[in-house]
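Everything on this sheet refers to the single structure shown next.
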Amino acid sequence: MMLSGARQGALSGIRRVIATAMSRDLSAFVLPGPAIARSRGLDLAGSNLIIVGTPRHAGVLIIVGPIAEGLQDAAAVVYAQMPRPRAILALGAGDIAPLPVADASAPLTQDGLRSGLAELRRVVEAGAFHVDAADFTAAALEVRIEYTCPMHPEVIRDEPGDCPKCGMTLVPRETSAVGHGGHEQAQNMAETVDHSEHAPKSDDSCHAGHDETAKDAAYTCPMHPEVVSDEPGKCPKCGMNLVKADGEGGQGHEGHGTHGGHDEHSSEPVDGIEPHFMSMVELTKDQPRSSDGLQMEWIEAPFGPFFPGLPAGLHLSLTLDGDTVAGSDARSLVGMADLPGGTAMAPGQFVDHLAAMQLSPIAYRALACAAIEDAAGIAFGADDRRARAAAIERERIASHLSWLAEFGVQTGFLWLAGRAGALQLAVQGAGTAEIVALAGPIGRLIRRVQAAPLMRMRLRGIGRFGKDRVAWGPVDRARGGGSDARSDDATLKELGFGIRVRNGGDALARMMLRCDEIDQSIGLIATAGTLAAPMLADVGVVSGEGAASIETPRGAARLTVTLTDGKVTGAELETPSTAHLALIDDLTRQRELGDALVAVGSLDLSPWEMRG
Amino acid sequence: MTVAIVLLSLALGAYLLAVIERWAVHGHLSLTGPAWAALALLGRESVLARKSDRLFFEIGPVLLLVAGLLAVAVIPLAPGLIISDLATGALFLNAALAYVLVALIMAGWGPNGAYAMIAGWRFLGQFIAYAMLIVMPITAVAMRAESLSTVQIVTSQAQLWNVIYQPIGFVLFVVAAMGLAWLPPLDLPDATGELAGGVEADYTGARLAVLRLGRMTIILALAGATVTFYLGGWLGPWLPPWAWSAIKIMLVAAAMLGVGRYMPRIREARYLALSWKLGISLALANIFIVGVIALVVPL
Amino acid sequence: MILELMIALSVGAGLFGVGLYGALSQTNLVMILMGVELILAAALVNIVAFWRYLHPDEPAAQMFVLIVMAVMAVEMAVGFGIAIARFRVRGSVEMEEARELKG
Amino acid sequence: MTGMTVQMIFLVFFGAAAVWFGIVVFRTHSMVRSALALLFSQTAVGAMFLVMQAEFLGVLQIMMMATEMSVMAIFMVMFMMDPGGLGEMDMTHQKRLSLSAGGIGLLASLLLVWLPDWGPVALSVPGAHEQAQALGRELLGRSMLVFQSAGLTILTAMVAATMVAIVPNAEQRK
């Protein structure tokens with residue numbers, strides 16, 4: 001019996017002791033992330049695990065639920081980055097390709113976790129070392145060696161040589177064989193950046209440059225890039241010698257093209273400068289300046305999709321100038337559940353399909369039910385509506401607590417992380433009575449967080465944006481906005497709902513507001529007195545248009561469905577997080593790295609409900 | 001003999017600290033946990049990052065450990081129980097701790113990774129801002145003891161511990177010490193939520209074990225320095241001197257490790273500004289006050 | 001005993017030679033500063049050697065060492081100040097390009 | 001006599017280390033390595049001080065240089081176009097001149113070292129404690145003025161350097 005990621009070597013002597021130690025001390029990296037695990041009701045903190053923030057320090061990869069195919073490459077890289085011996089524990093994951101077969105599998109429940117861990121410990125103790133341990137390979141890991149110029153990242157060759165622009169020796173660089181591999185290369189880890197990289201490198205431009213340089217070289221005039229000829233000669237305009245330039249040289253490939261004009265071999269020797277001196281001024285003149293006028297190396301570092309403290313599944317890649325963010329590229333790797341286009345779908349199936357969205361399933365289930373019932377013209381009794389509203393409020397509490405926990409991880413406030421996580425697990429699936437009973441501890445937590453002076457110091461003024469930007473839900477209400485789908489909901493009016501607003505529009509206001517809302521939601525549930533997860537009533541064979549709008553924990557989501565004789569044939573869904581994704585660039589630009597990440601975290605994005 | 005005793009107690013202290021840190025970071029308290037963790041680390045393969053600066057990558061953790069050991073060498077645990085009682089002990093402590101910076105820059109530059117590199121340079125700024133707050137309070141301490149020898153500094157506190165004699169210096173020194181050992185909430189170089197481990201991010205296996213051991217040594221050395229300079233070293237009633245030193249050092253170290261659990265990480269900009277604007281002026285004021293007191297009331 | 005003095009002074013001479021070469025040969029301001037640092041280190045070695053082997057009872061020599069260290073610090077501070085200012089304006093601290101002072 | 005020879009051995013060792021690292025500074029391509037090589041050269045010099053029983057000075061040198069050279073390192077990374085040394089580019093000029101200058105300097109100083117008669121050599125030095133105290137009395141007594149002016153110089157240099165370095169006004173940020 002041997003681990004999928006066993007380490008070479010016979011299991012004997014000291015190795016037995018070490019294997020025992022590994023089975024005792026399981027340091028785990030959670031896929032897609034601890035927040036998802038909690039929302040699925042897994043208590044990782046309480047199961048004698050060490051949850052680490054980087055795969056390099058992990059010995060076990062815990063996979064929670066099936067891996068979205070947008071994350072498969074990333075998962076492969078994460079697994080590859082774990083030092084051997086490494087093990088996989090799959091909880092209700094099903095097929096986990098491209099990863100090797102899991103060493104222990106279990107259903108996605110707390111008991112499953114417990115039994116799975118027990119089995120895993122046995123497997124690790126027995127199979128941590130093996131003489132014929134196999135290597136792990138995946139498409140995302142195949143690297144190609146290419147040669148690039150330290151000064152001109154857009155120059156890429158397949159074989160070593162000199163840079164056609166500055167004559168420097170090209171240096172080898174590894175890039176992924178698959179597209180965008182360069183990002184996944186470094187999921188959660190430092191990307192292996194050249195220390196000598198001066199301009200923001202994006203794989204697109206690299207590959208584009210690669211394709212272009214594959215064409216045979218042209219000769220162009222240093223001063224007049226538009227002059228391009230196939231053989232060397234003099235420029236018709238200024239009579240200078242034409243210089244050899246690669247395919248993009250004459251075409252001004254994003255401002256780098258003009259470098260072709262400063263090829264030191266062609267520039268006229270200036271008195272006082274020795275020939276063949278490499279002028280840094282000319283080499284760097286066209287490269288972007290940073291805010292303080294001091295031009296640093298630009299490094300593009302990935303933060304996600306599995307970065308500790310950031311929402312799992314969010315691909316956030318920051319271009320760093322020193323430790324200041326010079327640019328950002330954020331998108332969702334998972335995307336939201338795609339809706340039926342022409343194909344008809346049974347209502348129940350449609351509801352489950354929408355509820356499959358991570359992090360706030362109940363809200364979306366309720367949304368789907370409401371929309372379909374509206375289309376079918378079904379009305380409810382007050383109790384039923386109250387019970388649904390209460391269920392959504394309960395999910396709001398859990399979601400905000402989960403956000404607090406992640407925020408605690410991000411800001412290093414570990415006490416908050418542990419406490420909020422535990423309370424979230426307690427709230428999920430709790431009945432009215434339990435929630436009312438939990439009001440005490442939750443209230444204490446909230447008051448303590450809201451009062452913590454260092455927290456104010458940390459958050460005030462970070463991620464502030466004005467009223468002109470589009471925002472939904474708590475993010476909007478934290479800047480004094482009034483968007484809340486609950487405010488025109490009769491049921492919640494009966495429960496005495498009144499919209500909560502904070503001014504300030506920065507991370508601090510968002511945290512304060514979410515704390516307020518947790519408080520408020522507990523009150524609402526208490527007054528409702530009843531709580532039931534939404535169940536779809538039986539729609540007969542009817543046709544019609546229906547629309548519904550529900551305030552999810554992240555903002556208002558709107559759904560319109562078309563029923564044609566009992567089947568859902570068309571649907572339109574608007575989710576809040578998609579709008580928030582557009583905020584990231586402004587909130588991070590020219591911020592110190594830590595502040596930028598906190599600003600992103602304070603938005604409480606959910607990649608699972610974005611159009612990726 | 002002395003060396004053996006000191007190193008043994010150092011190892012014991014480091015292990016206890018590891019237990020405490022495990023509780024502070026991961027929230028479980030187990031006496032055997034760190035032992036298993038250390039064994040597991042030694043068993044894992046030690047990955048060498050692609051295109052890394054091999055030399056720095058290897059030297060960084062070792063240099064960290066060596067710096068810690070050198071710093072420990074001038075900390076008296078009891079009368080006579082000190083590896084070397086230098087005439088310039090207090091200064092030597094600074095010199096040794098200064099190489100923590102070099103070690104972290106090496107460890108940050110070595111693996112050729114963005115997180116590690118940023119972490120290393122972050123620590124440079126942090127260190128330069130806070131080395132001042134290590135040196136200047138020590139100056140005031142030495143002024144009272146009229147010597148740089150750590151033993152004499154301890155004996156000079158026979159009547160009154162420096163924590164009462166110069167409280168400003170004590171506060172500054174403790175804060176600066178926590179910054180120097182990058183303990184939360186001042187853990188900018190390995191902030192999990194910002195740099196996914198920072199300098200530690202690319203280290204695995206045995207190298208990571210050395211790095212963590214080195215950090216434990218640094219923390220112990222700084223706790224020992226705090227005790228020596230401000231809490232009267234081995235001085236205390238009833239118990240034997242070595243017991244007093246052990247208790248004080250472990251308490252200080254545990255406090256340094258535990259406090260970070262209950263507060264968020266501080267913002268880098270504000271943190272540096274605090275040192276340059278407030279800290280250094282306070283340290284100067286501290287030196288002035290201590291000088292005046294030393295002139296007026298000989299104690 | 002005289003031999004130790006000779007050794008120390010020779011080391012100083014070696015550092016001086018290397019530093020001089022560096023200060024003259026490098027094109028980058030920071031590298032030039034490094035050369036100067038080496039030259040000053042040579043001076044330090046010599047002063048300490050003289051103090052140790054010729055006038056051990058003269059603390060003024062040690063004081064002199066402190067002054068030289070201060071000079072090193074000053075040189076670094078001013079040099080880096082100039083480097084930053086120049087880099088801000090010209091985007092380079094390559095002395096090859098500092099032609100303003102070349103007649 | 002053995003003590004002497006031990007001292008001699010250590011002097012040779014650390015001296016060789018100092019010079020060797022000094023050469024490495026200008027030989028390596030990686031800028032961070034170059035800065036840290038200078039650091040180790042200076043540290044070796046500090047170790048020589050310790051060997052020559054100037055304890056205070058040695059420790060001070062070792063301490064100061066660690067921070068100073070780390071700052072040097074980050075400036076190298078900031079200001080060089082190829083800090084990783086991956087491009088293996090040449091950053092020297094007037095090689096022949098500087099080589100000859102360095103060589104001549106070296107030879108001249110070696111001559112100066114070995115030719116003259118240095119007269120009687122002191123065998124013993126005061127202990128570290130006495131040294132520290134004597135130095136303190138010297139600094140705060142006879143040489144107070146010099147020391148004060150050195151301090152003022154540093155202060156002035158710090159202020160001046162900062163003034164030169166910071167952005168003069170907001171519009172230059174653009």
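Convention: sequence-line order gives letters A, B, ...; per-chain numbering from 1.
Between D/Arg142 and C/Glu58 a salt bridge is recorded (basic side-chain N to carboxylate O distance below 4.0 Å).
Of the atoms belonging to C/Ile67, it is side-chain heavy atoms, and not backbone ones, that fall under 4.5 Å from chain D. For chain D, the nearby part of C/Val65 is the side chain; its heavy atoms alone come within less than 4.5 Å. Using a 4.5 Å cut-off between heavy atoms, C/Met69 touches chain D through backbone and side chain atoms alike. Using a 4.5 Å cut-off between heavy atoms, D/Ala101 touches chain C through backbone and side chain atoms alike. Proximity to chain C involves both the backbone and the side chain of D/Met52, based on heavy atoms less than 4.5 angstrom apart. Both the backbone and the side chain of D/Gln61 come within less than 4.5 Å of a heavy atom of chain C. For C/Ala49, the parts lying near chain D are the backbone and the side chain together; criterion is any non-hydrogen pair under 4.5 Å. Looking at D/Ala35, both its backbone and its side chain come within 4.5 Å of chain C, counting heavy atoms on both sides. For D/Val146, the parts lying near chain C are the backbone and the side chain together; criterion is any non-hydrogen pair under 4.5 Å.
Between D/Phe56 and C/Leu66, some side-chain heavy-atom pair lies under the 4.5 Å cut-off. Taking 4.5 Å as the limit, every side-chain heavy atom of C/Phe64 sits out of range of all side-chain heavy atoms of D/Ser143. Between C/Tyr21 and D/Leu99 there is a side-chain heavy-atom pair separated by less than 4.5 Å. Looking only at side-chain heavy atoms (C-beta outward), C/Met31 and D/Ser34 come within less than 4.5 Å of each other. In this structure, D/Leu97 and C/Ser25 have side chains that are not in contact, with every pair of non-hydrogen atoms separated by 4.5 Å or more. Taking 4.5 Å as the limit, every side-chain heavy atom of C/Val11 sits out of range of all side-chain heavy atoms of D/Val45.
Annotation: maximal heavy-atom pairing with chain D below 4.5 Å, among C/Ala60, C/Gly14, C/Ala8, occurs at C/Ala60. Among D/Leu57, D/Leu112, D/Leu38, the residue with the largest count of heavy-atom pairs under 4.5 Å with chain C is D/Leu57. When each of C/Val48, C/Asp57, C/Val71, C/Val78 is checked for heavy-atom pairs under 4.5 Å with chain D, C/Val48 comes out on top. Ranking C/Val74, C/Leu54, C/Leu29 against chain D, the residue ahead of the rest is C/Val74, based on heavy-atom pairs under 4.5 Å. For the set D/Met65, D/Arg137, D/Met72, the entry with the most heavy-atom pairs within less than 4.5 Å of chain C is D/Met72. Listed options C/Gly22, C/Ala23, C/Ala77, C/Ala70 were ranked by heavy-atom pairs under 4.5 angstrom with chain D; first place goes to C/Gly22.
Note that CE of D/Met8 and CD1 of C/Ile7 are 5.5 Å apart. Values are rounded to the nearest 0.5 Å. Between the CE atom of C/Met34 and the CZ atom of D/Phe26 there is a distance of 7.5 Å, given to the nearest 0.5 Å. In this structure, the separation between CG on C/Leu15 and OG on D/Ser41 is 5.5 Å, given to the nearest 0.5 Å. Atom-to-atom distance recorded for D/Ile74:CD1 and C/Phe80:CZ is 10.5 Å, nearest 0.5 angstrom. Put simply, CD on D/Glu68 and CE on C/Met72 are 6.0 Å apart, with the number rounded to the nearest 0.5 Å.
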Evaluate the side chain to side chain contact (heavy atoms under 4.5 Å, CB included) criterion for residues D/Phe49 and C/Leu44: first the C-alpha distance (whole Å), next the side-chain angles of each, then the deciding distance (0.1 Å), finally the verdict.
CA-CA 9 Å; D/Phe49 293 0; C/Leu44 286 179; 3.7 Å; yes
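In the displayed structure, C/Phe50 atom CZ is contacted under 6.0 Å by more than 12 heavy atoms of other residues, nucleotides or ligands.
Taking 4.5 Å as the heavy-atom cut-off, the residues of residues 10-17 of chain D that approach chain C are D/Leu11, D/Val12, D/Gly15, ordered by number.
Residues C/Gln62 and D/Gln131 bring a donor and an acceptor atom of their side chains to less than 3.5 Å of each other.
Between C/Trp51 and D/Ala54, the closest heavy-atom pair is CZ3-CB, 3.8 Å.
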